[in-house]
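Numbers restart at 1 for each chain; the letters A, B, ... are given by sequence-line order, proteins then strands.
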Protein chains: 2
Amino acid sequence: MTPAPNASPDLPAVPDEELLRLDHQVCFSLHAASRAFGGFYRQALKDLGLTYPQYLVMLVLWEEGPRPVKAIGERLRLDSGTLSPLLKRLEAAGLVRRERSREDERSVVIELTGEGARLRESALSVPRGVLAATGLSVEEVLGLQEVLGRLTAALTEAADAR
Amino acid sequence: MTPAPNASPDLPAVPDEELLRLDHQVCFSLHAASRAFGGFYRQALKDLGLTYPQYLVMLVLWEEGPRPVKAIGERLRLDSGTLSPLLKRLEAAGLVRRERSREDERSVVIELTGEGARLRESALSVPRGVLAATGLSVEEVLGLQEVLGRLTAALTEAADAR
DNA sequence: CGCTATTGAGTTGTGCACAACTTAATGATG
DNA sequence: CATCATTAAGTTGTGCACAACTCAATAGCG
């Protein structure tokens with residue numbers, strides 16, 4: 001699978017020197033954007049008492065209902081090393097319950113508490129503020145999302161193929 | 001400054017429910033892309049013995065020469081809480097020197113060692129591999145960079161205006 | 001000049017990301 | 001069915017991000 005036939009299909013006579021400079025820019029842009037996003041959410045979510053990754057987990061649970069840790073990890077591409085302590089903190093905050101599955105005792109199912117479910121109402125107002133703060137149009141957001149999706153898929157595939 | 005005149009200029013009758021779902025997608029896309037990028041670089045940089053943030057710092061030093069911690073932080077939007085330990089690790093690895101400035105003894109100037117400067121040669125081959133792995137054209141990369149730049153600027157401005 | 005505010009770097013504490021590992025349960029195979 | 005491989009979750013250790021803080025040096029002002 002993945003023949004990876006190309007050495008550099010559309011990179012003509014760009015010297016390494018210049019690529020290093022461009023790399024600087026792209027790395028930096030993505031890194032900075034991700035952190036700016038996180039920083040803005042940090043403020044927006046402070047009232048809810050959630051961090052940004054905790055918010056992502058709650059979004060999954062609000063949308064999809066009770067899920068084993070494994071499924072949440074696949075959805076967010078996070079492993080148990082990240083999720084286990086995060087979920088324990090959500091449990092300590094009274095937002096979720098963790099229960100071993102009876103069918104498969106290896107699996108731990110995460111489900112919302114009443115408080116966790118109610119928190120969704122407060123969260124409904126968050127995205128509009130964020131979207132407004134981005135200064136992007138809805139079309140640009142959708143376009144950005146599409147490019148980022150392809151980027152992630154290509155990078156993880158390339159990383160796995162090693 | 002920053003009149004921020006608009007409540008929601010181009011968000012018509014989209015209900016909160018749907019925005020929350022869209023938010024899920026966008027947050028996730030950016031978060032996942034950033035981590036996929038970092039993951040790919042982690043492998044590419046393993047030979048150089050650098051982490052991704054360390055690579056970003058080295059890029060600044062390779063491009064701009066000796067710089068105080070403050071200047072590096074402004075370039076990468078990182079504060080001393082992140083940079084101080086990172087720079088100590090680069091120093092321990094023999095790649096940089098940290099010297100108090102004589103003109104202003106509050107300032108610590110970071111400069112490359114011979115080994116740090118030589119590492120640039122090995123790093124020259126990295127960006128081409130990464131660019132190929134993204135599966136994006138050069139035009140798409142430039143477009144992505146432009147959107148991300150505006151996104152970061154808008155978000156940090158909105159965050160500061162609180 | 002002397003005092004106060006500001007600035008640059010560093011430290012501490014919390015949380016996330018991830019690699020490497022452990023443990024327990026399940027599945028597969030001879 | 002007994003053994004071995006696989007799987008899910010958790011643990012440990014390292015490094016980054018960031019808030020809140022300390023400390024020393026400098027700048028500004030009366």
Side-chain angles (χ1 to χ4, degrees), chain A residues 27-28 31-43 45-46 49-57 67-74 76-93 96 98-110 156 159-160 162, chain B residues 27-28 31-43 45-46 49-57 67-74 76-93 96 98-110 156 159-160 162:
Chain A
C27 283
F28 168 69
H31 201 62
S34 175
R35 280 166 36 237
F37 222 67
F40 192 86
Y41 269 98
R42 187 170 305 120
Q43 294 192 348
L45 294 173
K46 204 184 308 189
L50 292 176
T51 67
Y52 181 53
Q54 287 168 7
Y55 173 68
L56 293 179
V57 169
R67 280 278 177 284
V69 175
K70 183 81 196 310
I72 297 174
E74 281 167 358
L76 301 177
R77 304 219 199 298
L78 292 171
D79 67 5
S80 66
T82 300
L83 285 176
S84 287
L86 187 157
L87 290 168
K88 280 189 169 187
R89 281 187 283 271
L90 287 181
E91 185 185 39
V96 306
R98 294 158 62 243
E99 280 179 22
R100 284 257 156 215
S101 164
R102 237 78 65 221
E103 307 121 39
D104 184 345
E105 295 226 337
R106 292 171 302 182
S107 177
V108 169
V109 175
I110 309 296
T156 54
D160 289 346
R162 286 209 159 186
Chain B
C27 283
F28 168 70
H31 200 60
S34 175
R35 281 167 36 237
F37 222 66
F40 192 87
Y41 269 98
R42 187 171 305 120
Q43 294 192 350
L45 294 174
K46 203 183 309 188
L50 293 176
T51 67
Y52 181 54
Q54 286 168 7
Y55 173 67
L56 294 179
V57 169
R67 279 279 176 286
V69 175
K70 182 84 196 308
I72 298 174
E74 280 169 357
L76 300 178
R77 304 219 200 299
L78 291 171
D79 67 5
S80 67
T82 300
L83 284 176
S84 288
L86 187 157
L87 290 168
K88 281 191 165 183
R89 281 186 283 270
L90 287 180
E91 186 185 38
V96 306
R98 293 159 61 243
E99 280 178 21
R100 285 252 160 221
S101 164
R102 235 79 63 222
E103 309 122 39
D104 184 345
E105 296 226 338
R106 292 170 301 180
S107 178
V108 169
V109 175
I110 308 297
T156 53
D160 289 346
R162 287 206 158 188

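Nucleotide D:dG15 holds its C1' atom 14 Å from the CG atom of B:Leu56, rounded to whole Å. The distance from atom CG of A:Leu90 to atom P of D:dA9 is 16 Å, rounded to the nearest whole Å. Rounded to whole Å, atom C1' of D:dC18 lies 15 Å from atom CG of A:Leu45. Remark: P of C:dT14 and OH of A:Tyr52 are 24 Å apart, rounded to the nearest angstrom. Spacing between atom CD of A:Gln54 and atom P of C:dA17 amounts to 10 Å, rounded to whole angstrom units. Between the CZ atom of A:Phe40 and the P atom of D:dC18 there is a distance of 15 Å, rounded to whole Å. Across the protein-nucleic acid pair, B:Lys46 atom NZ and D:dG15 atom C1' stand 15 Å apart, rounded to whole Å. At whole-Å resolution of the value, CD in B:Gln43 and C1' in C:dA17 are 15 Å apart.
Remark: A:Arg100 pairs with no residue by the side chain to side chain donor-acceptor pair (under 3.5 Å) rule, at least two apart or across chains. Not counting sequence neighbours, the partners of B:Glu91 by the side chain to side chain donor-acceptor pair (under 3.5 Å) test are B:Arg98. With sequence neighbours excluded, the residues satisfying side-chain contact (heavy atoms from CB on, under 4.5 Å) with B:Ser34 are A:Ser34. Residues passing the side chain to side chain donor-acceptor pair (under 3.5 Å) test with A:Tyr52: none are found, sequence neighbours excluded. Here B:Arg42 pairs with nothing under the side chain to side chain donor-acceptor pair (under 3.5 Å) rule; sequence neighbours left out. Under the side-chain contact (heavy atoms from CB on, under 4.5 Å) criterion, B:Thr82 pairs with B:Leu78, B:Asp79, not counting sequence neighbours.
Annotation: the span from B:Lys46 atom NZ to B:Thr51 atom OG1 amounts to 13.5 Å, rounded to 0.5 Å.
In this structure, the side chain of B:Arg77 does not engage the main chain of A:Ala36 through any donor-acceptor pair within 3.5 Å.
Residues A:Glu105 and A:Leu86 both approach DNA chain C. Their nearest nucleotides, taken by heavy-atom distance, put A:Leu86 toward the 5′ side.
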- Quick one, give me the B/S/- string for nucleotides 1-11 of chain C, reading 5' to 3', where B means a protein heavy atom under 4.0 Å from the base and S means that only happens at the primed atoms, P, OP1 or OP2. ------BSBBB
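Within residues 31-38 of chain B, the residues having any heavy atom closer than 4.0 Å to DNA chain C are, in order of number, B:His31, B:Arg35.
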Show every donor-acceptor pair shorter than 3.5 Å between a side-chain atom in residues 67-74 of chain A and any protein atom, with sequence neighbours excluded, or say none if there are none.
from    : atom 1 : to      : atom 2 : distance (Å)
A:Arg67 : NE     : A:Glu64 : OE1    : 3.4
A:Arg67 : NH1    : A:Glu64 : O      : 3.3
A:Lys70 : NZ     : A:Glu74 : OE2    : 3.0

